[in-house]
Amino acid sequence: MSEIKVVRIHAGEREERTTTTGTKAWELFAEDTEVIAARIGDHEHGQLKDLSYELQDGDEVAGVAIDSQDGLDILRHSTAHVMAQAVQELFPDARLGIGPPIENGFYYDFDVEKPFVPEDLDKIETRMRKIIKEGQRFSRRVTSDADAIDELKDEPYKIELIGLKGSGRSDDAAEGASVEVGAGELTIYDNIKRNGDVAWSDLCRGPHLPTTKRIPAFKLMRSAAAYWRGDEKNKMLQRVYGTAWPSKEELEAHLHRIEEAERRDHRKLGRDLDLFSFPDEIGSGLAVFHPKGGVIKRVMEDYVRQRHIEEGFDYVGTPHISKEGLFHLSGHLPYYKDTMFPPIEFEGADYYLKAMNCPMHNLIFRSRGRSYRELPLRLFEFGSVYRYEKSGVIHGLTRVRGLTQDDSHSYVTPEQAPAEIKHLLDFVLGLLKDFGLDDFYLEMSTRDDSKPDKFVGSDEDWETATSVLEQAARDSGLELVPDPGGAAFYGPKISVQCRDAIGRTWQMSTIQYDFNQPKGFDLHFTASDGSRQQPVMIHSAKFGSLERFFGVLVEHYAGAFPPWLAPVQVQGIPIAERHADYLYDVARRMKSAGLRVEVDDSDDRMQKKIRNAQLQKVPFMVIAGDDDIAAGAVSFRYRDGRQDNGVPIEEAIERVSAAVATREQV
C-alpha cells in the first residue's frame with residue numbers, strides 16, 4: 001500500500017489527511033452515523049459516491065448526511081430499490097420501469113398483469129420490512145451496454161433505456177430516467193445478502209445507502225396508472241408511490257401533513273362549498289365557477305384590476321385566437337407548440353388558441369409610433385389562454401388547460417429596467433400580503449448553457465438580463481434560490497415561491513426579462529435625440545394564473561376565507577320563524593353597506609342553521625330572537641363559536657365592515 005493525501009470536509013471544516021490506497025470513504029466518517037454517502041470534489045457540486053468508494057490521491061471528500069436533500073434522495077431511491085425487489089419476489093412476472101426519488105418520496109413503475117390493490121401494497125410493505133431487516137448490502141458494479149442488455153434480457157423497459165443512452169437521447173428518455181442511465185459508464189446495483197448471494201439487481205447510476213438496514217422509516221402510499229415514459233401512446237404501467245424519512249417521528253409528521261393537506265384539498269372543498277366544478281361535457285382541465293366561486297373570482301379580479309391601475313398600467317383586451325404567423329413572429333411556436341392546442345384551419349389559414357398574451361400586447365405597442373416620454377408603457381389584461389397539458393398532470397384548479405392570467409408587460413428603456421423590476425417586485429409582494437400570503441422566497445431561473453438550442457439571444461443579452469434581475473432580487477432582502485436551466489427561451493425570470501399555512505411551497509408570481517420579442521416584432525421608440533431605439537420588455541403575472549391562485553387560497557385558508565373574500569360574509573339566523581322578517585331588514589341594511597348577507601329561513605332548528613353556516617365557513621352570523629328585536633340588536637357570532645349578545649345593528653355592521661376593509665382573518 002502507498003500513502004495518499006485527501007481532504008476531509010465536515011461541519012464546514014477542511015482537514016487534510018494522509019491515508020493509504022484502498023481506504024474507503026466511510027472510514028473518514030465512521031464516527032458520524034448520519035453520513036450515508038460521500039461527495040467527491042467541490043463540496044457543493046462534486047460527484048456523489050457510495051461510502052464504499054475507494055479514495056484517490058488528492059480527493060476532496062464531504063460527507064452527505066441522511067437529512068440533507070441529497071441524503072433524502074439517496075434514502076428514497078434506495079427504498080425504491082427495496083420496493084422493486086419486494087414486488088418481483090411477490091410478483092415474479094412484474095417487469096421494471098423507472099423508480100426515481102421525488103419530492104417527499106419515491107415511486108417505481110411496474111408492468112404487471114393486474115393493477116395493484118391496497119392488499120397488494122400491504123404485502124409489498126411487509127416483504128420490504130423483511131428485506132430491510134436482512135441488512136442487504138447495495139453493491140455497485142460497472143458493466144457494458146452489451147453485457148447489461150444480455151443480463152436484463154427479461155426487462156424490456158431497461159433495455160429501451162440502454163438503447164436511448166447508446167443513441168445519445170437518454171435526456172429525452174423520461175422524467176426520472178437519469179437515475180437509471182445517463183452520460184458516462186453504465187452501472188448495475190446488486191442487493192447482496194449476508195452470505196454473499198445476490199438477492200436482486202437493478203440498472204442504476206446510484207449512489208445508494210450502504211445497506212438496507214439504513215432505511216429508518218418508510219410507508220407505501222398508493223398506486224396509480226402511468227404511461228411508460230409519460231407518453232399516452234405507450235403501455236400503461238402501475239406506479240407505486242412511497243415515502244421514506246430519516247426517523248419514525250419525521251415520517252409521522254409527514255403523514256400528518258398529508259392528512260391536513262387532504263382536509264384542505266381545494267377539489268373537495270370546491271364541491272363542499274359549491275365554488276366550482278369541471279363538467280365532463282366541457283372537457284378535462286376546464287373549470288366553471290359557480291355563483292359563490294364567482295364572488296371570490298370577481299373580488300380577486302376587481303382587486304388586481306384596481307391595483308394595476310394604481311401602479312400605472314393601462315387595461316387592454318385581446319382575442320382568444322390568432323393566426324399561426326403571430327406565434328412564429330414572437331418565437332413561441334418552435335418552443336411551445338407541444339403545449340398549444342392543435343391549429344384550427346379557417347379561410348385558408350391556421351389559427352391557434354393563444355397560450356400566451358405577450359405577442360398581442362406587442363402589436364398594441366407597435367400600432368403607432370412611440371416616444372421615450374411614454375416609457376415605461378405598461379399594458380395589462382385578464383388574458384384567457386389555453387394550454388394542452390397532458391391528462392396525467394391536470395390537477396383541479398392548480399393545473400388546468402384553460403386559465404386566466406393577470407398578465408402585464410412593461411416596455412422600458414434599458415436604463416429603466418432595474419427600477420421597473422423593483423417596482424413590479426414590490427407590487428407582487430404587496431399583493432400577496434393582502435391575500436394573507438406572507439412567507440415567501442425568490443427563485444432565479446437562468447438558462448442552461450449546455451443546451452444552447454433551447455434558448456435565443458447572445459451571451460451578452462443573457463448576462464445583462466440575468467444581472468439586472470438578480471440585483472433586484474437581492475435588493476428585496478428575500479432569500480434567493482438558484483434555478484439553473486429554468487428560464488424561458490427568451491430570457492431569465494424571477495418567480496415568487498410562497499409557503500402556505502401548512503408549509504407547502506407554491507410558485508406564484510413571475511417577472512421575466514425579455515430582449516427577444518422586441519427584436520422579433522421590430523419594436524422601437526423615438527429617443528430624446530431623435531434616434532429609433534429598441535425597448536426592453538418585462539413580463540409580469542401577479543396571480544400567475546387566477547385559477548391556480550384561487551386553488552392555493554382555498555387550501556391556504558382551508559376554505560375559511562377572510563371576510564373580504566368570503567362569498568357570504570354574514571349569515572342571518574332567526575331563532576323562530578317570526579324573527580325572519582326582522583333579520584331580512586337587518587340584511588337589507590348590511591347590503592346597503594356593501595356587505596354580502598344571506599338569511600336562513602329554512603325549517604331547520606336554530607342549532608342546525610348555525611352548524612350549516614359553520615360547514616359553509618361563513619365568517620359571521622347574526623342571530624335574532626324576541627329580546628334582540630325588542631332591543632334593536634342581534635347576537636353576533638363568530639366563525640370560531642365566540643358570541644356577543646345584544647350587539648346594536650349599527651355596531652354589527654361596523655364590525656363586519658371593519659374586518660372587510662382591513663382584509664383581516666377572523
Side-chain angles (χ1 to χ4, degrees), residues 36 66-67 71-139 155 157-158 176 179-180 189-194 197-204 206-226 236-262:
I36 49 88
I66 194 170
D67 60 355
L72 288 170
D73 286 345
I74 292 168
L75 163 65
R76 289 162 181 165
H77 186 47
S78 299
T79 312
H81 270 227
V82 171
M83 178 177 73
Q85 178 181 346
V87 167
Q88 290 200 312
E89 288 179 1
L90 292 167
F91 305 91
D93 293 332
R95 303 279 70 88
L96 302 174
I98 293 171
I102 56 176
E103 184 178 7
N104 293 327
F106 59 88
Y107 69 77
Y108 214 118
D109 291 338
F110 302 97
D111 185 356
V112 288
E113 184 178 350
K114 296 179 180 178
F116 291 122
V117 296
E119 292 76 15
D120 293 330
L121 299 193
D122 291 340
K123 293 176 184 176
I124 296 167
E125 199 170 274
T126 299
R127 181 59 64 96
M128 289 174 68
R129 297 191 191 285
K130 179 176 179 290
I131 294 168
I132 290 169
K133 189 176 181 180
E134 288 176 359
Q136 295 179 11
R137 177 166 53 88
F138 291 96
S139 179
E155 296 287 357
Y157 302 104
K158 301 292 185 181
V179 303
E180 311 269 347
Y189 272 79
D190 299 315
N191 283 20
I192 299 179
K193 295 181 178 182
R194 290 183 178 180
D197 292 343
V198 175
W200 183 80
S201 302
D202 194 9
L203 180 71
C204 185
H208 280 285
L209 299 171
T211 75
T212 58
K213 271 199 171 180
R214 297 299 300 272
I215 299 173
F218 79 95
K219 183 174 178 56
L220 300 189
M221 306 302 294
R222 60 188 175 91
S223 63
M236 186 83 78
L237 306 181
Q238 282 289 295
R239 175 169 294 177
V240 179
Y241 289 93
T243 188
W245 294 84
S247 69
K248 291 180 180 179
E249 292 76 15
E250 288 170 278
L251 173 62
E252 289 301 319
H254 173 68
L255 297 178
H256 176 72
R257 287 192 296 270
I258 290 176
E259 289 177 6
E260 183 64 17
E262 290 174 351

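Because the structure is predicted, anything quoted here is derived from the model rather than measured.
In this structure, the side chain of Ser78 does not engage the main chain of His208 through any donor-acceptor pair within 3.5 Å. A donor-acceptor contact shorter than 3.5 Å links the side chain of Gln88 to the backbone of Ala94. Here the side chain of Thr212 pairs a donor or acceptor atom with the backbone of Ile132 at under 3.5 angstrom. A donor-acceptor contact shorter than 3.5 Å links the side chain of Glu125 to the backbone of Leu220.
A heavy-atom distance below 4.5 Å is not found between the side chains of Leu72 and Ile66. Counting only heavy atoms from C-beta outward, the side chains of Tyr108 and His77 never approach each other to under 4.5 Å. Side-chain atoms of Ile215 and Leu209, non-hydrogen and from C-beta on, do get closer than 4.5 Å to each other. Asp111 places none of its side-chain heavy atoms less than 4.5 Å from the side chain of Gln238. Put simply, the side chain of Asp93 does not reach to within 4.5 Å of the side chain of Val112, judged on heavy atoms. Between Arg214 and Thr211 there is a side-chain heavy-atom pair separated by less than 4.5 Å. Contact annotation: the side chain of Phe91 never approaches that of Glu113 to less than 4.5 Å [non-hydrogen atoms, C-beta and beyond]. With a 4.5 Å cut-off on side-chain heavy atoms, Val240 and Tyr107 do not count as touching.
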Evaluate Ser139 against Asp190 for side-chain hydrogen bond (donor to acceptor under 3.5 Å, both in side chains), listing each step before the verdict. CA-CA 5 Å; Ser139 179; Asp190 299 315; 5.2 Å; no
Would Val198 and Asn191 count as a side chain to side chain contact (heavy atoms under 4.5 Å, CB included) if you check the C-alpha gap in whole Å, the side-chain angles of each, and the deciding distance to 0.1 Å? CA-CA 6 Å; Val198 175; Asn191 283 20; over 6 Å; no
Go through the steps for Lys133 and Arg129 under the test side chain to side chain contact (heavy atoms under 4.5 Å, CB included), then give the verdict.
CA-CA 6 Å; Lys133 189 176 181 180; Arg129 297 191 191 285; over 6 Å; no
Item to complete: Check the pair Leu237, Phe110 against side chain to side chain contact (heavy atoms under 4.5 Å, CB included), reporting the backbone distance first and the verdict last.
Response: CA-CA 6 Å; Leu237 306 181; Phe110 302 97; over 6 Å; no
Take Asn104 and Met221 through the side chain to side chain contact (heavy atoms under 4.5 Å, CB included) test and state the conclusion after the steps.
CA-CA 11 Å; Asn104 293 327; Met221 306 302 294; over 6 Å; no
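In this structure, the separation between CG on Asp109 and CZ on Arg239 is 4.0 Å, given to the nearest 0.5 Å. For the atom pair CD1 of Ile131 and CE of Met128, the computed distance is 7.5 Å after rounding to the nearest 0.5 Å. Expressed to the nearest 0.5 Å, how far CD1 of Ile98 lies from SG of Cys204 amounts to 11.5 Å. Note that CD of Glu250 is 7.0 Å distant from CG of Asp67, once rounded to the nearest 0.5 Å. To the nearest 0.5 Å, atoms CZ (Arg95) and OH (Tyr157) are separated by 9.5 Å. In this structure, CZ on Arg127 lies 14.0 Å from CG on Asp122, to the nearest 0.5 angstrom.
Here Lys248 does not pair with Glu252 in a salt bridge; the nearest charged N to carboxylate O distance is not below 4.0 Å. Ion pairing between a basic and an acidic side chain is recognised when a charged N comes within 4.0 Å of a carboxylate O; Glu134 and Lys130 show such pairing. Look at Lys158 and Asp202 and you find a salt bridge, because one of the NZ, NE, NH1 or NH2 atoms lies within 4.0 Å of a carboxylate O, short of that distance.
When each of Arg194, Gln85, Lys213, Lys193 is checked for a side-chain hydrogen bond (donor to acceptor under 3.5 Å, both in side chains) with Gln136, only Gln85 meets the rule. When the options Ile124, Val82, Asp120 are evaluated for a side-chain contact (heavy atoms from CB on, under 4.5 Å) with Val87, the one that passes is Ile124.
Using a 3.5 Å distance cut-off with no hydrogens or angles, the side chains of Trp245 and Ser247 do not pair a donor with an acceptor.
Both tests do not hold together for Arg76 against Phe106: distance to the six-membered ring centre under 6.0 Å, angle to the ring axis within 45°.
Between Tyr189 and Phe138, the distance separating the two ring centers is not shorter than 6.0 angstrom.
Counting all heavy atoms, side chain and backbone alike, Thr79 lies closest to Ala244 at OG1-CB, 3.6 Å.
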